[in-house]
Every structure is written in C-alpha cells, then in structure tokens.
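Data first, discussion second: the structure below is written as structure tokens.
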Amino acid sequence: MTELDSKKPQEPQPSQSGNGEQAERNWSETLFLPKTDFPMKAGLPQREPEILARWEKIGLYDRLRREAEGRDKFVLHDGPPYANGNLHIGHALNKTLKDVISRSQGMMGKDAPYVPGWDCHGLPIEWKVEEGFRAKGKNKDEIPINSFRRVCREFAEKWVKIQSKEFQRLGIVGDWDNPYTTMAFEAEAIIARELMKFAMNGTLYRGSKPVMWSVVEKTALAEAEVEYQEVVSDTIFVKFPLVQAEGELSGAAVVIWTTTPWTIPGNRAIAYSPDIRYGLYEVTAAPEDNWAKPGDKLILADVLAENLENAARIEGWTRMSDVDPASLGAVQHPLHELGYDFDVPLLPGEHVTAETGTGFVHTAPGHGMEDFVLWEDSKAELQARGIDPAIPFTVDADGFYTEEAYGFTGKRVIDDKGEKGDANNAVIEALVEAGNLVARGRLRHDYPHSWRSKKPVIFRNTPQWFIAMDKALGGDGDTLRNRALKAIGGTSFVPAAGENRLRGMIESKPDWVVSRQRAWGVPITIFRHAETGEVIPGAGFAKSEMLEHRIVAAFEQEGADAWFAEGAKQRFLEGVVDNPDDWEKVDDILDVWFDSGCTHAFVLEHRPDLKWPADVYLEGSDQHRGWFQSSLLEACGTRGRAPYEAVVTHGFFVDEQGRKMSKSAGNAVAPENVIKQSGAEILRLWAMSSDYWEDLRIGPEILKANVDSYRKLRNAMRFMLGNLAHYREELRVEPSQMPELERYMLHRLAELDTFVRENYNAYDFKRIFHALFNFCVGDLSAFYFDIRKDALYCEPHDSIVRRSALTVLDILFEALTAWLAPMLCFTMEEAWLNRFPGEDNSVHLRQFPNIPDTWRDEALAGKWKQLRSLRRAVTGALEIERKERRIGASLDAAPKVYIADDAMRASLEGLDPAEIFITSGAEIIEGEGPEGAFRLSEVPGVAVEVIEAVGKKCARSWKISPDVGADPEFPDLSPRDAEAVRQFDARRAAAAE
RNA sequence: GGGCCUGUAGCUCAGCCCGGUUAGAGCGCACGCCUGAUAAGCGUGAGGUCGGUAGUUCGAGUCUACCCAGGCCCA
C-alpha cells in the first residue's frame with residue numbers, strides 16, 4: 001500500500017500494543033517523527049568529490065545540453081584566465097559567478113552552454129620557460145624560435161590541465177572536454193585573420209613608441225617586470241632660447257629641468273601648465289664664473305623661482321613681468337648648433353605640476369610615456385605649425401646613441417653591465433659649450449630597474465604596430481573610437497558604473513598598440529616593403545585575399561609556428577609579389593590582449609553550440625582595461641558592434657580589514673585550503689552572500705560565519721526531508737482546501753518566485769541568497785515548522801492539517817532545492833537525491849517550479865503579518881514567565897490575550913490561537929487588559945497574561961488539556977491523539993495482512 | 001597625481017535614486033527554554049555618534065563640498 005511499503009519502513013516492530021498495557025505503551029512510535037539519513041554534518045570535503053564523480057558519470061553537461069536543445073540560447077562567454085600557476089581566490093569567485101549564471105539561466109528555461117577557455121600566449125609563460133633554459137645553462141637566443149615556442153606550448157598545456165581540474169573541483173559545470181584555448185591552431189589562424197582585417201581596412205600602421213628597455217637583457221620590459229630602486233641622478237637646468245622675441249623678452253630663454261640629461265637630444269617640445277603663473281626674471285648679480293650671468297633673462301614658474309635661484313647660484317635677479325607660455329610659440333633647441341635645427345613648441349600639458357623643476361617640462365616623446373602621449377595628442381597642431389611629428393630613434397638596443405642623436409653618435413647611455421655610460425657627461429658638456437646650461441646637481445629618487453637583472457632601464461623609442469583609433473574604417477567613415485563609444489551605449493552594464501569606466505578609457509585611449517617583440521604569441525602576419533613601407537595584406541594590394549588565405553590555411557594546419565619556420569617568406573609570398581626579397585616579414589608578435597580580444601571570433605562565431613554576440617561577459621573590474629576593451633575594439637573594428645550585450649563586473653578580494661591581498665602580507669586566502677577544510681560549497685556560499693560588485697572581504701572569521709550559515713540552511717533542508725518521508729502523493733491537498741497558515745506559506749513562495757527570478761536575471765545573487773536564507777531561518781524554522789511540528793507529528797494519518805503541511809513541505813522542497821541549486825550545487829543535489837534517488841537523476845536537470853500566481857493573497861499576508869506581531873507579544877510574555885521559573889516549555893502555558901483592536905481580533909477568527917502560539921491553550925479577550933499584563937510597545941493594544949495550562953498532560957502530544965482521558969480507551973491521551981493512535985493501529989493491522 | 005568605485009551593528013547585507021516616526025534583517029555573542037529537527041530547534045536581550053567635517057533644509061544614513069581610509073585601472 002502506501003506508507004507502509006516506503007523505502008525505509010518506519011513502523012515499529014510487531015508490538016505489545018495490547019489494551020491492557022496502555023500505560024507502558026511507547027507513544028512515540030505512533031508519531032510521524034522525522035526520518036532521514038540526510039546527515040546533519042555535511043562532510044563536504046569528502047562528499048563533494050563523490051557528487052562530482054557522479055556528474056561526470058551521468059555526463060551532466062552533455063545531458064543539460066541535450067535536454068535544453070531548441071530552447072533560446074543564453075551565452076555567457078568565458079574570459080580566459082592565464083594558463084600559468086594554481087588558482088587563487090579571484091579565479092574561484094569568477095568561475096563560481098559564471099557557474100551560477102549559466103545554471104540559473106538554464107533552470108529558467110534557456111539553453112545556457114558554458115565553454116571555458118584559456119589564454120595561453122604571452123610573457124609570463126616566456127619568463128618561466130626562459131628560466132627553465134637558464135637553469136640548464138642555455139640562453140634563449142641560442143634556441144631556435146620554434147623549439148622555444150614548443151616548450152612554451154607544453155608549459156601552457158600543463159597548466160590548462162591543472163587549472164581545469166581545479167575549476168571542476170569548485171563545481172563549475174561546463175564543456176571541460178572541449179574548452180577553447182588561444183593557442184589552438186584554429187584559434188591562432190583566426191587571430192591572424194582578424195589582425196589582417198585591420199591591415200586590410202587600413203587602420204593598422206607602423207609607428208613608434210617609447211618602451212621600457214633593459215640594455216643588459218636587450219629586451220623591452222612590461223610594467224610588471226620593473227621595480228623601482230633609489231638612485232642618484234644628474235640633474236640639469238637648461239635654457240631654451242626664444243626664437244623670435246621682442247621687447248623685454250628679447251634674448252630670454254625658457255628654463256627646463258631634467259634628471260635624464262641624455263634625453264636632451266630627443267627633446268622635441270616643452271610642456272607647461274595653463275594653471276601655473278610664469279614670470280620673466282633678469283639676473284642682476286652672480287659669481288664671476290657662473291653659468292647664469294648677469295643680464296640673462298630666464299622664464300620659469302614663480303613658485304619655483306627660488307629653487308632655481310639657489311641651484312644656479314644667482315645672487316640677485318629681478319622679476320620683470322608675467323609671461324604667458326601660450327604666447328611664446330616656439331623656442332630653440334639648446335643644442336641648435338649641433339644640428340638640432342628645429343622649432344621646439346611649447347605645449348600645454350595636464351601632467352605639468354609646480355612641485356619640482358621650473359614649471360616647464362622637457363618633453364622627449366621617445367623617452368617617456370607622458371611625453372609621448374602629449375606629443376601624439378598634439379600631432380594635428382604640430383603638423384599645422386609645420387613641425388615634423390616624427391619621433392626620433394636616438395638610442396639603440398645596446399644603449400648607444402644613434403645617428404639621429406646628432407653630435408653624440410656612439411656615446412653610450414648604459415653599458416652591458418648596466419653601468420652609466422658617457423652620454424650624460426657628453427650632453428652636459430655640450431650644453432655648457434652652447435651656453436645653455438644654467439645649473440646642475442644631483443638628485444636621489446626612485447628609478448625603474450629590471451626586475452631580473454636589477455639594473456636600470458631606459459625609455460627608448462621603438463617601432464611598433466598600431467591600430468588607429470580615429471581613422472575612417474571603410475564606407476561609413478566611422479572611426480574605431482566612435483564605433484566603440486556607440487557600442488558602449490548599446491551595452492548594459494552591471495553594475496552601471498562600468499559604463500563610465502569603459503567609456504572614459506575609450507575616449508582617451510591613444511592608438512591601440514598591438515605589437516610585442518617577443519616569441520610566444522601569434523605573429524603579426526604581414527609583410528612590409530623594405531623601401532616604400534607598404535604593408536601586405538593591405539587595402540590597396542590586389543592579392544591580399546590570396547595571401548591571407550594562404551596564411552590562415554597554414555596556421556590551421558600547423559599553427560602559428562608556420563610563420564617562423566624556415567622559408568616562410570618564400571612560401572607565403574611566392575606568386576603573390578614579384579620579388580619576395582623586396583619584402584620584410586614582420587616578426588613581431590601580437591599582444592595577448594589582441595588574442596583574447598578575438599575569442600568572440602574563434603569561439604562564439606565558430607562553435608555551433610554558441611552564438612554571436614554573447615549575452616554576457618563577466619570578469620573582474622580590471623578587465624575594463626583588458627578583455628572588455630580589447631574584445632570591444634576588435635569586434636567594432638571588424639564587425640561594427642560589441643561582441644556582448646551585457647558586461648558584468650566583480651570586485652577584488654581584500655582581507656577582513658579591507659586590505660589588498662598579497663602573498664607577502666600573508667593575508668591571502670587559498671581556495672584549495674578552504675576546499676580542504678570546509679568544502680567548495682562554503683566558497684560558493686561566501687560568493688553568493690557577498691556583494692561581488694564591490695570589493696569582497698574574505699578571511700577566517702568570515703568563512704566561519706559562512707560555515708555557520710550553511711549549517712542552518714542544511715538543517716532546514718534536513719527537517720523537510722525528515723518529514724517528507726511520510727509524504728505520499730495521495731495525501732496531497734489542494735491549496736483551496738488548506739488551512740490559512742499553509743496558504744500564507746504558499747503566498748510567501750509566490751512572492752519569492754518573482755523575487756528569485758528577477759534577481760537571477762539581474763545577477764544580484766546576494767539578494768536572492770539573503771532572501772532565501774531569511775526565509776528558511778525566519779519563516780520556516782522559527783515559525784512555520786515550529787508551529788506545524790505538532791500537526792506533522794501528532795495528527796491522525798488522514799488529518800487535513802497534517803496532509804496540508806506535508807503538501808506544503810513538498811512544494812517548499814521542490815522550490816528551494818531548485819532556487820538554491822545554482823548556488824549550492826552540491827548540497828541541493830545531495831538533498832534532491834536523498835529524496836529522489838535514481839541512477840541518472842539530478843536536481844540540475846530540473847527547471848524552477850511553476851508557481852501559480854493564484855497563490856498570491858495579499859490580504860491573507862497582511863493578516864498574518866499582524867498575527868506574527870501578536871505572536872511576538874505572546875512569546876515575549878512567555879519569556880518573562882520562564883525567567884520566573886513558572887513555566888518551561890511554552891506548552892505549559894495557556895495565555896490570556898487581551899486585544900483592544902477589533903480588526904486584530906477579527907483576524908483570529910476561525911484560527912486556533914494556541915496553535916500559533918504553540919501553547920496548550922489560549923484565550924482571546926476583548927479589551928485593554930489588566931494593569932500588570934505584558935505589553936510590547938511595537939504591538940499596541942495587545943496585553944498578555946500568562947496562565948498555567950490546566951488539565952492533564954497528554955502522554956503523546958505533551959499538550960496539557962482537561963480533555964485528556966476523555967476517550968476511555970486511551971486514558972493518557974487527548975481525544976485527538978486517541979483518534980490518531982486508533983488510525984495508526986488500524987493501518988498497521990491492515991498492513992500486516 | 002588622474003579616472004572609476006566603496007565606507008550602515010563583531011560579520012554578511014537592506015535602507016540611499018524620489019530627504020521626514022525610536023536606522024532594519026540574518027548570522028555571531030549573552031542569557032534562558034526544550035530534549036520527538038538534538039554536535040539540532042525555540043525564545044529573549046545586548047550591540048550602530050550610518051567613515052569624518054562643513055553646508056543646503058523646518059528636518060540628512062539619504063542631497064552638496066571637502067577630508068580620511070580602502071580597492072581597481074592609469075601616471
């Protein structure tokens with residue numbers, strides 16, 4: 001039959017239930033007590049791997065895809081982590097959030113595939129591989145490039161495997177068997193193809209840019225490869241004479257200050273600030289042999305005048321007048337005579353401050369980023385003024401001055417050992433000779449050094465490949481910048497502030513530099529004519545497509561190594577150009593941001609299980625500068641729109657004091673430790689309870705709090721499971737037949753349904769988590785379950801209240817396991833399978849339940865809100881009695897509740913107040929109540945007098961009532977319990993037959 | 001130094017856009033109860049100068065400015 005042949009029979013052994021032995025009968029075996037083997041203690045670190053193994057066995061990801069076939073796709077495109085090193089907490093959060101999104105979208109009716117990926121090219125891997133070679137006594141330069149690249153590939157492969165395992169351990173469900181990588185041949189082919197699109201639309205060009213360069217290692221360095229050390233530098237004050245000046249200004253000179261005299265040959269401009277006051281100073285007194293002589297007229301910032309006065313040993317001078325730098329136009333280079341025969345313009349610069357120097361900043365666009373940016377920004381103006389905007393290459397890779405450093409060729413800035421060369425002195429001497437040195441000195445300050453060799457680096461101008469931001473891109477005449485800005489407008493950002501951030505960056509972005517002088521990456525697959533500088537493939541070249549196809553086809557077969565293989569130039573150019581020898585094969589590689597900026601092309605567009613554009617990209621807020629931006633630019637340049645509809649960002653990880661995490665500070669939380677100690681579920685729970693849009697705090701105390709929360713939640717599930725052991729389909733009750741309390745719970749569920757769906761769609765998980773957690777703890781454990789324990793345990797088998805409660809528990813269980821499954825993927829699976837075991841069953845194959853809107857009943861909810869405050873007044877009163885030791889359990893009492901308000905009293909109509917208060921009885925009385933009664937200020941008009949319940953205590957339900965013994969057959973029981981036992985006995989007898 | 005953002009109980013979060021009763025919730029903590037959710041469950045309570053200072057206003061956690069602390073990105 002029904003209950004008695006359930007999977008775990010809970011009926012007692014054939015018993016001693018003869019009538020004569022009533023007094024000794026064990027009543028608890030006649031109760032419907034919770035029965036479950038769902039353990040209170042989760043043992044997550046052990047259990048999680050079992051659940052993972054099961055998902056693997058049933059092929060969860062593939063089954064999800066199969067079952068979702070034909071539904072609308074929802075594509076969250078994975079931003080590739082770098083395949084280098086073990087996971088840190090940031091990876092864990094990032095992937096967990098993605099997992100929750102794809103799981104929740106899947107359960108809300110979408111087909112939400114998740115294809116993880118990895119970023120495999122680039123510098124950090126090269127370093128590690130180089131280190132490996134160095135340990136074997138080999139130098140990178142001795143190794144053939146493709147051998148080196150092979151080792152890099154193997155290194156990346158190794159870490160992809162490790163990280164994949166680590167991600168899966170977190171419970172992330174995805175296509176782990178078929179992930180994407182930026183180094184797959186197909187990916188390399190498409191990345192090259194995408195780059196060639198820019199070559200062909202005319203925005204790719206060769207320019208130059210200062211990079212940090214280590215002469216010792218003969219290589220460019222990234223910011224991360226540089227550390228700052230204190231050094232003593234030569235400082236000089238230099239005069240730049242005015243070109244055409246009249247009156248007072250005649251013979252005057254603008255004075256600059258610099259700590260790098262060797263950059264003077266590279267000087268092309270002087271920056272000033274429109275916010276600083278400048279003056280003209282005429283020297284009136286100075287020592288005999290001084291550089292600054294009486295009669296010299298110097299222009300500089302007023303607030304820094306004293307600074308120069310001291311440095312230049314000036315004994316007296318007069319401020320003649322104000323000077324507006326904007327009116328000066330241009331000045332002469334201080335080494336004009338040596339061949340620096342050009343106008344040096346004065347340009348307003350926002351970076352100019354009045355803190356050090358003279359308020360005029362020596363600007364050598366090949367030797368500093370600010371200088372470069374200012375120069376580039378002024379390009380149009382320079383050209384209008386007839387000034388050549390080209391940036392000179394004054395220093396070569398070995399630190400020697402080139403021929404463009406007129407008069408200094410062959411002098412050296414830094415030697416192979418990293419020591420200062422003769423360049424500084426040569427420049428200083430030349431300046432003295434030219435009469436343009438005003439003062440010199442020394443300064444102790446921080447200067448960038450190579451992280452590896454610990455030797456100083458220099459900024460030197462190097463040729464690079466750029467993608468123009470402001471050049472028309474084809475027919476519509478729109479520029480990359482404009483397209484990107486429009487695309488930002490069409491994208492939704494979560495949180496909204498992301499839009500400003502990305503927009504600001506795109507607005508001010510200089511041309512996009514895509515080249516790197518490294519080995520491990522996708523090459524910039526173009527050829528440059530040695531004489532004309534023409535680039536192929538290119539817009540004006542007839543056989544561009546043929547060349548492109550050749551390269552792409554080769555890469556698809558052999559990977560990008562084909563570019564570096566012997567005879568590559570011949571191979572690709574044969575029949576494409578008349579004489580391949582006229583062309584140089586570009587051997588720069590692409591910056592990895594270009595690689596990852598192409599994932600939309602080789603993943604979204606390419607895979608049939610995905611779609612373009614993605615619904616959402618989700619990464620840390622640092623990716624506004626990184627992946628969000630490179631993907632946007634790449635897609636706008638080639639496809640005219642963003643590759644995503646929405647951008648979601650998360651914050652960074654700080655310790656419990658809100659400080660940055662670092663290995664050196666010792667405050668870093670390693671995900672593997674958390675997993676080992678508490679389980680991945682706790683990490684997920686932490687992520688879900690936190691506001692991930694901002695910085696996330698994590699640490700031992702916070703994790704402990706999450707473990708506690710987990711236990712509460714788990715126990716609520718356990719209670720449901722225990723009681724649902726008694727649930728049978730035929731006991732089900734229609735909501736219309738249910739008591740009010742049940743209907744109130746259904747109303748809460750309907751409210752939550754809307755809330756949960758809305759917030760999953762808004763990616764606002766913390767709201768969902770807190771709402772569901774509060775519901776489980778506040779509405780269920782402390783209220784509904786507590787009240788209904790009596791009915792669930794004691795009521796007769798066919799009692800409508802018991803059956804209604806069971807029905808509601810069933811509905812609650814269905815809803816909660818589904819709503820929480822995306823977040824607590826392990827525990828909900830465990831709970832679901834505990835109730836519905838089955839070979840290939842899984843909570844994750846379900847959908848969120850359909851909750852009928854008819855369950856909503858605002859009037860009922862308002863009424864129960866009132867009843868709950870009434871209940872609070874009663875529990876408050878009981879607490880006083882308890883303190884006075886007059887009662888223990890609430891069942892010891894039968895309070896008198898005085899209610900003045902008619903509406904409040906009316907709301908109790910048809911209800912048993914004792915049931916709500918969990919007391920043995922309750923009397924509702926109209927009126928204000930006596931003086932000494934208990935009152936709560938927040939529940940006005942209610943007074944409670946606690947009276948001890950009268951009667952006998954029912955041996956089965958423990959309720960005290962005068963009715964106990966009314967049924968002569970069961971002298972120790974109340975009539976309700978007597979009936980329950982009678983049904984129990986009858987059912988057992990029937991089962992025995 | 002610049003851009004974007006954050007700062008509400010020990011902890012995690014509501015409230016802030018659209019100023020207005022004694023600023024809420026849960027966890028944790030303290031105390032008590034229960035012993036048929038038991039290494040659980042229930043109740044009661046303590047705990048906040050809403051980062052600081054000025055200002056706007058009859059009135060500011062909510063609006064403005066500045067400052068302090070912190071984060072990301074850039075210099």
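Below, chains carry the letters A, B, ... as their sequence lines are ordered, and counting in each starts from 1.
- Computed from coordinates, the A/Asp786 CG to B/G41 P distance equals 11 Å when rounded to whole Å.
- The gap from the P atom of B/G1 to that of B/U22 amounts to 42 Å, rounded to the nearest Å.
- If you check distances only, the side chain of A/Arg501 never reaches the base of B/C5 with a donor-acceptor pair under 3.5 Å.
- Atom CG of A/Leu772 and atom P of B/C13 are 16 Å apart (whole Å).
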Please tabulate, one pair per line, all N/O donor-acceptor pairs under 3.5 Å involving side-chain atoms of residues 775-786 of chain A, not counting sequence neighbours.
unit_1   : atom_1 : unit_2   : atom_2 : d
A/Asp779 : OD1    : A/Arg868 : NH1    : 2.6
A/Asp779 : OD1    : A/Arg868 : NH2    : 3.3
A/Asp779 : OD2    : A/Arg748 : NE     : 3.4
A/Asp779 : OD2    : A/Arg748 : NH2    : 2.8
A/Tyr784 : OH     : A/Glu742 : OE2    : 2.5
A/Asp786 : OD1    : A/Lys789 : NZ     : 3.4

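- Straight-line distance from the CG atom of A/Asn715 to the C1' atom of B/A40: 5 Å, rounded to whole Å.
- Between the C1' atom of B/A39 and the OH atom of A/Tyr710 lies a distance of 15 Å, rounded to the nearest Å.
- The NZ-C1' distance, from A/Lys766 to B/G26, rounds to 15 Å in whole Å.
- One interatomic measurement links the two molecules: CG of A/Leu374 to C1' of B/A75, which rounds to 14 Å at whole-angstrom precision.
- Side chain of A/Arg871, nearest nucleotide from B/G43, B/A37, B/U38: B/G43.
- In this structure, A/Trp686 places its CH2 atom 20 Å from P of B/G28, rounding to the nearest Å.
- For the P atoms, the distance from B/G3 to B/C17 is 25 Å, rounded to whole Å.
- An OP1 or OP2 oxygen of B/C13 is reached within less than 4.0 angstrom by a side-chain nitrogen or oxygen of A/Ser690.
- The aromatic rings of A/His726 and A/Phe32 sit perpendicular, their planes meeting at an angle over 60°, well past the 30° parallel limit.
- Dashed line: the shortest gap from a side-chain N or O of A/Lys660 to OP1 or OP2 of B/C72 is under 4.0 Å.
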